Structures are given as C-alpha cells and as structure tokens.
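Remarks on the structure that follows.
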Number of protein chains: 2
Amino acid sequence: MSQMPAIQTILAKAGLRPTAKRVALAKLLFDGVDKHVTADDVMEMVRRKRLRVSQATVYNSLNQFCAAGLLKRIVIDSSSTVFDTNTSHHHHLFYEDDGHIVDLAGDSISLLGLPDLAEHESLLSVDLILRVGRAHD
Amino acid sequence: MSQMPAIQTILAKAGLRPTAKRVALAKLLFDGVDKHVTADDVMEMVRRKRLRVSQATVYNSLNQFCAAGLLKRIVIDSSSTVFDTNTSHHHHLFYEDDGHIVDLAGDSISLLGLPDLAEHESLLSVDLILRVGRAHD
DNA sequence: ATAGTTGCAAAAGTTTTGCATTGTA
DNA sequence: TACAATGCAAAACTTTTGCAACTAT
C-alpha cells in the first residue's frame with residue numbers, strides 16, 4: 001500500500017487552500033488507491049459519508065484538482081466526465097458491460113509510427129482506450 | 001474523388017427506410033468526403049441549406065446511422081458527441097486549439113503489447129487520440 | 001482585511017422522450 | 001391498413017455560473 005502524504009501537504013503543494021470541503025473531498029480521492037470517478041460518484045461518496053458538500057462545490061473542486069494536476073480528466077464516454085487519480089502516463093481498458101475502467105501501465109504498450117508534428121505544435125497527450133465487451137460467439 | 005453509391009442504396013443496405021428527412025441528412029453526410037460532425041454541426045448544415053429537419057430528428061437519425069454502421073461515434077471531448085463518416089479502423093489527431101480532427105490511417109501506427117483478454121471477452125475497439133496543441137516554448 | 005471559497009438556485013448546453021400527426025410499404 | 005418516422009415541446013442530465021455569506025491567511 002502506497003503511503004500518501006498528508007492531505008494538507010497534497011493541497012499545499014498544488015497551491016490550493018486546505019478548506020474544509022477540499023480536505024474532505026481530497027480525503028475521499030487521495031487515499032493511496034487509484035480511482036476513476038465521475039462527479040456523481042463523488043456526490044454518492046459524500047452522501048454515504050454524511051458529508052455536507054454541495055454539487056457545485058464537488059464540480060468546482062474536481063476542476064480545481066484537475067487544473068492543479070492532482071487529477072486527470074479522461075474521456076471515455078460522452079455521457080459524463082471521468083476523473084482519474086492516477087496522473088501518470090498510462091492507458092485504459094474500458095469494460096462496456098458495467099463501465100468499469102482498468103489502468104494499463106504506460107510502458108506496457110508501445111506505439112510505433114506516431115506522426116511528426118509541425119514546428120509550432122506539440123503532442124499534449126496520447127490517449128489510448130481499449131474497449132472490451134462480451135465475446136459474441 | 002470516391003464515387004458514392006446512391007443515397008437510397010446506402011440507406012437500403014443499412015436497413016433504413018429512405019424517408020425524406022433521412023435522405024436529406026444522408027446527402028449532407030455521405031458525399032464522399034470524410035467528415036467529423038456533431039449534432040449541432042448537422043443542425044447548422046440543415047439551416048444553411050434551408051432544410052426543414054427538427055433537432056430531435058437530427059439526433060434520432062444520427063443515432064440510427066450509427067446503429068446501422070454508417071457512422072462511428074467518436075469520443076473526443078465530453079462536451080459533445082462527434083460522429084465520423086469514416087467507419088473504417090483509424091485513429092485521430094485532435095487539435096485542441098480549434099477542435100478540428102484529422103484522421104490517421106489505422107495501419108500507420110502499430111500498437112505492441114496489447115493485453116490478452118479473458119476467454120469470454122473481446123476487444124470491441126482500439127481508440128487512439130493524439131491531442132495536439134501549440135508548442136509552449 | 002482581503003482575497004479566495006462555498007452553497008444555493010438558476011442557467012446553459014446536450015441529448016432523449018412522449019405523443020399526436022404524417023408518410024411509407 | 002399497419003407500422004415506422006417525424007416534429008414539437010418538454011423532460012432529463014451534466015456542468016457552469018451569479019451572488020451573497022463565509023473563511024483562510
């Protein structure tokens with residue numbers, strides 16, 4: 001189990017003030033276990049823990065965490081945005097059946113033949129999603 | 001320029017009745033030039049051509065075209081769904097600046113190290129998006 | 001003290017749906 | 001004729017925003 005720094009430290013390093021709501025949400029997210037959550041998932045966690053955090057604050061905080069580099073926004077399905085607590089370079093296996101997502105180490109797959117970009121352009125990210133479903137046989 | 005079969009033929013092959021609205025929308029989309037469009041883009045095309053097709057019908061038709069394999073849904077940005085008239089296996093370059101999308105031939109990039117799947121699972125699709133932005137130097 | 005945060009409700013944007021009407025086979 | 005397709009408006013959802021009250025530094 002990876003040892004996480006104190007929540008206060010995580011927020012401080014990201015330049016975010018450790019307010020009550022942010023600390024509460026960060027505790028839910030940064031517990032050392034990688035997670036993939038939607039805003040609604042977080043609302044559900046908040047409800048279960050009987051916390052008092054509004055939906056707007058959940059959305060705002062997730063966006064702030066993203067901007068600060070604590071979360072990564074992943075685009076899997078246009079129905080809702082998923083946030084990933086694993087911010088390192090990696091890929092995703094997406095199970096269409098139940099919607100769960102599994103991380104694949106970034107170096108486990110190699111991509112050959114990536115195109116050259118123009119001088120003034122840069123590759124911001126390489127997003128690879130493997131969609132998996134039940135075999136149809 | 002690739003020669004497209006008649007719209008009626010395309011729809012018939014897909015098992016869709018060639019109704020006036022569907023034919024009109026199919027003409028906009030399947031003109032031999034690959035396109036990436038959102039529902040809103042299609043509404044805009046409809047307006048420009050002074051066609052009388054409602055928003056609901058645009059959405060319904062795009063979904064029907066997708067289900068029939070005439071369009072491919074691509075997930076680039078969770079803000080809106082993009083439909084691709086190129087239904088063959090390929091990848092995407094996404095320019096964050098202006099949101100335009102460029103196709104990359106499926107065989108131009110090779111992926112090594114794709115994980116093995118369980119017996120009852122199958123790989124439905126391999127979606128690769130290269131996000132490009134202005135170089136920050 | 002001051003600048004950043006929060007909650008609430010409302011707004012905005014995308015997509016779906018119910019239902020009466022119309023068109024296709 | 002029977003069934004599918006259409007338009008309209010309204011609903012459903014996700015996400016953002018304006019503003020007054022509050023809180024960390």
Side-chain angles (χ1 to χ4, degrees), chain A residues 6-28 36-47 49-68 70-83 99, chain B residues 7-29 36-47 49-68 70-83 99:
Chain A
I7 296 298
Q8 326 285 344
T9 311
I10 293 178
L11 293 176
K13 276 193 186 168
L16 295 171
R17 283 158 61 170
T19 63
K21 313 298 167 139
R22 283 216 274 245
V23 170
L25 294 176
K27 272 187 191 161
L28 294 176
H36 302 99
V37 298
T38 62
D40 202 53
D41 291 336
V42 175
M43 279 309 284
E44 188 52 40
M45 293 162 120
V46 163
R47 272 179 234 115
K49 292 243 175 180
R50 301 281 191 286
L51 300 176
R52 233 55 58 84
V53 186
S54 74
Q55 181 175 261
T57 298
V58 165
Y59 273 100
N60 290 339
S61 300
L62 287 174
N63 285 334
Q64 290 155 358
F65 290 170
C66 252
L70 298 178
L71 288 177
K72 212 164 147 182
R73 197 182 287 269
I74 60 184
V75 183
I76 291 270
D77 185 301
S78 49
S79 72
S80 69
T81 303
V82 175
F83 297 90
Chain B
I7 296 297
Q8 327 285 343
T9 312
I10 294 178
L11 292 177
K13 276 193 186 171
L16 295 172
R17 284 157 60 170
T19 62
K21 314 296 168 139
R22 284 216 272 246
V23 170
L25 293 177
K27 271 187 192 161
L28 294 176
L29 297 172
H36 303 100
V37 297
T38 62
D40 201 52
D41 291 337
V42 176
M43 279 308 287
E44 188 52 41
M45 291 161 121
V46 163
R47 271 179 234 116
K49 292 243 173 180
R50 301 281 190 285
L51 301 176
R52 233 52 59 85
V53 187
S54 74
Q55 181 175 262
T57 298
V58 166
Y59 273 99
N60 291 338
S61 300
L62 287 174
N63 286 334
Q64 290 154 359
F65 290 170
C66 250
L70 297 178
L71 286 177
K72 210 165 148 181
R73 196 182 287 268
I74 60 184
V75 184
I76 291 270
D77 186 300
S78 49
S79 71
S80 70
T81 302
V82 175
F83 297 90

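In this text the structure is predicted, and so the values were computed from the model without any measurement. In what follows, every chain begins at residue 1, and chains take the letters A, B, ... in the order their sequences are listed.
- Atoms CZ and CD1, on Arg22(A) and Ile7(A) in that order, are 13.0 Å from each other to the nearest 0.5 Å.
- Nucleic acid contact for Asn60(A): base, since at least one base atom lies under 4.0 Å from a heavy atom of the residue.
- Here the C1' atom of nucleotide dA24(D) and the CD atom of Gln8(A) are 12 Å apart, to the nearest Å.
- Checked against dC8(D), dT15(D), dA5(D), the side chain of Ala56(B) finds its nearest nucleotide in dC8(D).
- Rounded to an integer number of Å, the gap from Tyr59(B) OH to dC8(D) C1' is 16 Å.
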Taking it one step at a time, do Leu70(A) and Phe83(A) satisfy side chain to side chain contact (heavy atoms under 4.5 Å, CB included)?
CA-CA 10 Å; Leu70(A) 298 178; Phe83(A) 297 90; over 6 Å; no
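- Side chains of Thr57(A) and Asn60(A): no donor on one and acceptor on the other come within 3.5 Å.
- One finds a side-chain N or O of Thr57(A) lying less than 4.0 angstrom from the OP1 or OP2 phosphate oxygen of dG7(C).
- Atom CG of Leu71(B) and atom NE2 of His36(B) lie 11.0 Å apart (nearest 0.5 Å).
- In this structure, Leu25(B) atom CG and dT6(D) atom P are separated by 8 Å, rounded to whole Å.
- Counting to the nearest Å, the C1' atom of dT14(D) and the CG atom of Asp77(A) are 12 Å from each other.
- Atom-to-atom distance recorded for Thr38(B):OG1 and Glu44(B):CD is 10.0 Å, nearest 0.5 angstrom.
- Side-chain polar atoms of Ser79(B) and Asp77(B) form a donor-acceptor pair below 3.5 angstrom.
- Across the protein-nucleic acid pair, Met43(B) atom CE and dC8(D) atom C1' stand 12 Å apart, rounded to whole Å.
- For the helix from dA1(C)-dT25(D) to dA25(C)-dT1(D), the rotation axes defined at the first and last 5 base pairs enclose an angle of 30°, given to the nearest 10°.
- Rounded to the nearest 0.5 angstrom, Asn63(B) CG and Thr81(B) OG1 are separated by 8.0 Å.
- Here dT6(D) is the nucleotide among dT25(D), dT6(D), dC8(C) with the atom lying nearest to any side-chain atom of Lys21(B).
- Rounded to an integer number of Å, the gap from Gln55(B) CD to dT16(C) P is 11 Å.
- Side-chain atoms of Arg17(A) and base atoms of dA24(D) include a donor and an acceptor less than 3.5 Å apart.
- The 5' end of DNA chain C is approached more closely, in terms of each residue's nearest nucleotide, by Thr19(A) than by the other of Ala20(B) and Thr19(A).
- Computed from coordinates, the Arg52(A) CZ to dT6(C) P distance equals 16 Å when rounded to whole Å.
- Counting non-hydrogen atoms under 4.0 angstrom, Thr38(A) reaches nothing in the nucleic acid.
- Side-chain nitrogen and oxygen atoms of Thr81(B) include at least one within less than 4.0 Å of the OP1 or OP2 phosphate oxygen of dT15(C).
- In this structure, Arg73(A) atom CZ and dT14(D) atom C1' are separated by 12 Å, rounded to whole Å.
- Across all strands shown, Ser78(B) has no heavy atoms under 4.0 Å from either base or sugar-phosphate atoms.
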